[in-house]
Amino acid sequence: MFARQLEEILAEVERLLSQIPGTKEMLTVPGVAVVTLAGFLAEVGDLRGYEHGQQIIRLVGLNLKENSSGKKKGKSSITKRGRARLRALLFRAVMLMVAKNAEFKALHQYFTKRSQNPLKKKQSIVALCGKLIRILHTLGTKQVRYDENDVLGPVREPSYRRQLKKNRIYVSHRTGISRDKGSTEQPQESFP
């Protein structure tokens with residue numbers, strides 16, 4: 001009985017998402033499924049009301065604040081002002097994307113292993129949450145398909161290519177699943 005209700009609810013969510021412009025394009029991001037997108041849009045609302053993704057980042061509370069006074073320079077941290085449920089949803093989504101999406105995995109490794117100002121793992125995940133917000137905003141407002149080359153940007157492109165070759169990551173664009181070429185395990189879907 002519970003499984004049938006869940007299927008009915010997911011079918012209704014998919015039907016409602018199909019009526020929103022830009023959702024088809026947002027679902028082309030490997031690792032973003034119907035549940036994640038529905039939660040994102042439920043918290044954010046109409047994406048046309050935001051001029052750029054940074055406004056959504058501020059709404060979520062992922063923008064940085066610095067605790068300093070006078071000559072004392074304090075630590076920077078996220079403000080945590082805003083939508084806590086959306087922050088949690090994005091954090092969980094990005095955790096899976098770092099494991100399954102080749103571009104997000106390479107960016108996470110770049111952020112944590114770069115020679116100048118390397119981030120801690122959690123800081124990298126928070127930075128990638130902001131990246132995911134900007135990607136979803138762009139795809140939803142401009143209604144363009146996801147392009148993995150645009151995610152990296154020209155600055156990180158060479159280090160990304162080296163990282164992909166080093167880890168021997170191959171991506172199936174049909175499913176969005178990344179795995180090692182020599183891996184014998186079957187790939188698993190990241191979302192239902």
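Listed by first then second residue, pairs satisfying side chain to side chain donor-acceptor pair (under 3.5 Å) with a partner in residues 120-129 read His108-Ser124, not counting sequence neighbours. For residues 6-23, every residue pair satisfying the salt bridge (charged side-chain N to carboxylate O under 4.0 Å, His left out) rule, not counting sequence neighbours, is listed here: Arg4-Glu8, Glu12-Arg15. The salt bridge (charged side-chain N to carboxylate O under 4.0 Å, His left out) pairs that include a residue from residues 17-26 number zero, where partners must be two or more places apart or lie in different chains. Sorted by first and then second residue, the salt bridge (charged side-chain N to carboxylate O under 4.0 Å, His left out) pairs with a member in residues 29-44 read Glu43-Arg83, Glu43-Arg85; sequence neighbours excluded.
Between atom CD1 of residue Ile57 and atom CD1 of residue Ile78 there is a gap of 11.5 Å, rounded to the nearest 0.5 Å. Taking CG of Leu27 as the start and CG of Leu37 as the end, the distance is 5.0 Å to the nearest 0.5 Å.
For the pair Val60/Ile56, a side-chain contact is recorded, criterion being any heavy-atom separation below 4.5 Å from C-beta on. For the pair Val32/Met97, a side-chain contact is recorded, criterion being any heavy-atom separation below 4.5 Å from C-beta on. Between Met95 and Phe91, the closest side-chain pair of non-hydrogen atoms falls below 4.5 Å. Side-chain contact between Tyr50 and Ile133: absent, with no pair of heavy atoms (C-beta onward) separated by less than 4.5 Å. Residues Arg87 and Cys129 have side chains not in contact (no heavy-atom distance under 4.5 Å, counting atoms from C-beta outward). When side chains are defined from C-beta on, Val35 counts as touching Leu10, because their heavy atoms get closer than 4.5 Å.
A 6.0 Å sphere centred on CZ of Arg81 holds no more than 12 heavy atoms belonging to other residues, nucleotides or ligands. Counting non-hydrogen atoms of other residues, nucleotides and ligands closer than 6.0 Å to CD of Gln5 gives a total above 12.
Residue Leu59 comes nearest to Val44 through the heavy atom pair CD2-CA, 4.4 Å, listed as atom of the first residue, atom of the second, then distance. Counting all heavy atoms, side chain and backbone alike, Gly39 lies closest to Leu86 at O-CD1, 4.3 Å. Of all the heavy atoms in Gln143 and Pro21, the pair that sits closest is NE2-CB, 3.2 Å.
Remark: the backbone N or O of Phe104 is not paired with any side-chain donor or acceptor of Lys131 at under 3.5 angstrom.
Judged as a side-chain contact (heavy atoms from CB on, under 4.5 Å), and not counting sequence neighbours, the contacts of Lys142 are Thr138, Val144. By the side chain to side chain donor-acceptor pair (under 3.5 Å) test, Tyr146 is found to be paired with Glu103, residues two or more places apart in sequence or in another chain being considered. A search for side-chain contact (heavy atoms from CB on, under 4.5 Å) contacts involving Thr141 returns Leu47, His137, not counting sequence neighbours. Asp46 is linked by a salt bridge (Lys or Arg N to Asp or Glu O under 4.0 Å) to Arg48, counting only residues two or more places apart in sequence or in another chain. Contacts of Ile20 classified as side-chain contact (heavy atoms from CB on, under 4.5 Å), with partners at least two apart in sequence or in another chain: Leu17, Thr23, Leu41. When the side chain to side chain donor-acceptor pair (under 3.5 Å) test is applied to Thr79, the partners found at least two apart in sequence or on another chain are Asn63.
Cluster annotation: Val34 and Ile9 are assigned to the same hydrophobic cluster (Ile/Leu/Val/Met/Phe/Trp/Tyr, side-chain heavy-atom contacts under 4.5 Å, transitive). Hydrophobic clustering (side-chain heavy atoms under 4.5 Å, transitive across Ile, Leu, Val, Met, Phe, Trp, Tyr) groups Leu64 together with Leu90.
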